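Please read the structure below before turning to the comments.
Note that this is a predicted model, so its numbers are computed, not measured. The chains referred to below are lettered A, B, ... by the order of the sequence lines, with proteins before strands, and numbering in each begins at 1.
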Amino acid sequence: RKEVEQDPGPFNVPEGATVAFNCTYSNSASQSFFWYRQDCRKEPKLLMSVYSSGNEDGRFTAQLNRASQYISLLIRDSKLSDSATYLCVVNNPGRDDKIIFGKGTRLHILP
Amino acid sequence: ETGVTQSPTHLIKTRGQQVTLRCSSQSGHNTVSWYQQALGQGPQFIFQYYREEENGRGNFPPRFSGLQFPNYSSELNVNALELDDSALYLCASRDIQAGTYEQYFGPGTRLTVT
């Protein structure tokens with residue numbers, strides 16, 4: 001099983017729709033979870049952290065299911081400017097304590 | 001802007017050459033991580049530096065090495081460049097003592113090996 005796995009995408013979604021991204025992680029000891037956004041040929045930018053109780057920031061909602069080792073990101077009322085690649089990020093406790101990125105899911109919002 | 005800077009922005013090298021990439025961390029951040037991002041892939045963790053020592057490494061060969069300086073800035077060195085080393089190299093900084101894994105990225109260096 002890959003350390004962090006995301007929906008392969010791309011997602012082509014009409015403007016105004018709701019879109020959901022899913023991510024699974026393999027290390028049950030992981031404690032920190034994030035969603036990053038990456039625009040074409042740019043660096044990843046922190047979108048939001050994911051907390052155990054779930055958290056919301058405007059149109060964005062992140063949820064964590066520790067039992068299933070699953071993270072989700074929901075975008076409501078999608079805008080053209082939401083078009084980007086969304087990266088799931090998890091810390092990997094252990095000897096190296098790495099921060100692991102998923103491959104990313106590309107989102108295209110269609111006018 | 002995150003305050004993390006990288007240089008150069010673009011670089012073209014020939015197979016077998018050596019390259020040094022540089023990163024200045026955000027003010028107050030003591031930990032720097034380096035990532036390699038190939039086209040269409042997520043960033044792959046190369047290594048992390050804290051207190052001028054490597055304290056975490058991904059699955060990269062020894063020809064990938066690094067340094068961290070007292071001001072927390074960092075270098076990534078790659079020897080004996082191969083064509084597959086062509087990628088976007090990203091550095092990210094964070095404050096390890098803040099107890100968070102939130103990290104902030106520089107704009108990256110795009111390396112092309114011919």
Side-chain angles (χ1 to χ4, degrees), chain A residues 2-10 21 23-27 29-52 55 57 62 64 71 73 84-108, chain B residues 1-7 9-10 21 23-26 29 31-51 53-60 87-112:
Chain A
K2 288 185 180 176
E3 291 173 303
V4 178
E5 204 152 3
Q6 296 187 237
D7 294 327
F21 299 108
C23 172
T24 57
Y25 59 96
S26 62
N27 190 336
S30 295
Q31 305 143 325
S32 295
F33 311 92
F34 307 94
W35 286 100
Y36 278 72
R37 170 199 168 120
Q38 186 172 26
D39 293 295
C40 191
R41 302 184 74 81
K42 297 284 190 179
E43 73 273 22
K45 293 189 176 175
L46 179 63
L47 181 64
M48 58 197 302
S49 302
V50 185
Y51 301 119
S52 298
N55 47 302
D57 182 2
L64 167 64
I71 306 158
L73 175 68
T85 296
Y86 289 83
L87 297 157
C88 173
V89 182
V90 177
N91 82 305
N92 196 41
R95 187 174 63 86
D96 288 337
D97 197 20
K98 299 180 286 189
I99 299 173
I100 306 297
F101 281 72
K103 190 176 176 180
T105 304
R106 194 158 178 188
L107 173 65
H108 298 285
Chain B
E1 297 297 326
T2 64
V4 181
T5 61
Q6 289 187 244
S7 63
T9 54
H10 295 86
L21 310 182
C23 171
S24 290
S25 61
Q26 183 170 311
H29 285 186
T31 302
V32 173
S33 298
W34 285 93
Y35 293 82
Q36 180 195 66
Q37 187 174 25
L39 204 59
Q41 302 294 318
Q44 298 293 309
F45 177 74
I46 303 174
F47 43 53
Q48 174 177 279
Y49 276 83
Y50 172 61
R51 289 185 175 174
E53 290 189 358
E54 183 183 297
N55 78 336
R57 189 176 183 96
N59 295 324
F60 281 81
L88 179 67
Y89 288 85
L90 295 158
C91 89
S93 75
R94 64 185 174 106
D95 178 0
I96 204 169
Q97 292 168 334
T100 174
Y101 287 91
E102 285 186 11
Q103 54 182 1
Y104 297 89
F105 284 84
T109 294
R110 192 164 297 279
L111 173 65
T112 302

Quiz prompt | Residues forming a salt bridge (Lys or Arg N to Asp or Glu O under 4.0 Å) with A:Asp39, sequence neighbours excluded | solution = A:Arg37
Between [X] and [Y], which heavy-atom pair has the shortest distance, and what is it?
X: A:Tyr36; Y: B:Gln103; value: OH-O, 2.6 Å
X: B:Phe45; Y: A:Ile99; value: CB-O, 4.1 Å
X: B:Leu88; Y: A:Lys42; value: CD2-O, 4.4 Å
X: B:Pro107; Y: A:Glu43; value: CA-OE1, 3.6 Å

Quiz item: At a heavy-atom separation under 4.5 Å, does A:Gln38 approach chain B through its side chain, its backbone, both, or neither?
Solution: side chain
Quiz item: So what's closer than 4.5 Å to chain B heavy atoms on A:Phe33: side chain, backbone, both or neither?
Solution: neither
Practice problem: Please determine, among B:Gln37, B:Gln44, B:Arg110, the option with the most heavy-atom pairs under 4.5 Å with chain A. | Solution: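 Ranked by contacts with chain A, first place is B:Arg110.
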Self-check item: Heavy-atom pair count under 4.5 Å with chain A, highest-scoring of B:Ser33, B:Gly42, B:Pro43
Solution: B:Pro43
Quiz prompt | Under the side chain to side chain donor-acceptor pair (under 3.5 Å) test, residues paired with B:Gln6 that sit two or more places apart | solution = none
Quiz item: When rounded to the nearest 0.5 angstrom, what distance separates CG in B:Leu39 from CZ in A:Arg41?
Solution: 8.0 Å
Quiz item: Out of curiosity, B:Tyr101 OH to A:Asn92 CG, how far, rounded to the nearest 0.5 Å?
Solution: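 Rounded to the nearest 0.5 Å, the OH-CG separation comes to 9.5 Å.
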Self-check item: A:Phe101 ring center within less than 6.0 Å of B:Phe105 ring center
Solution: yes
Practice problem: Under 4.5 Å heavy-atom distance to chain A, tell me which part of B:Tyr35 shows up: side chain, backbone, both or neither. | Solution: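 Just its side chain gets close to chain A.
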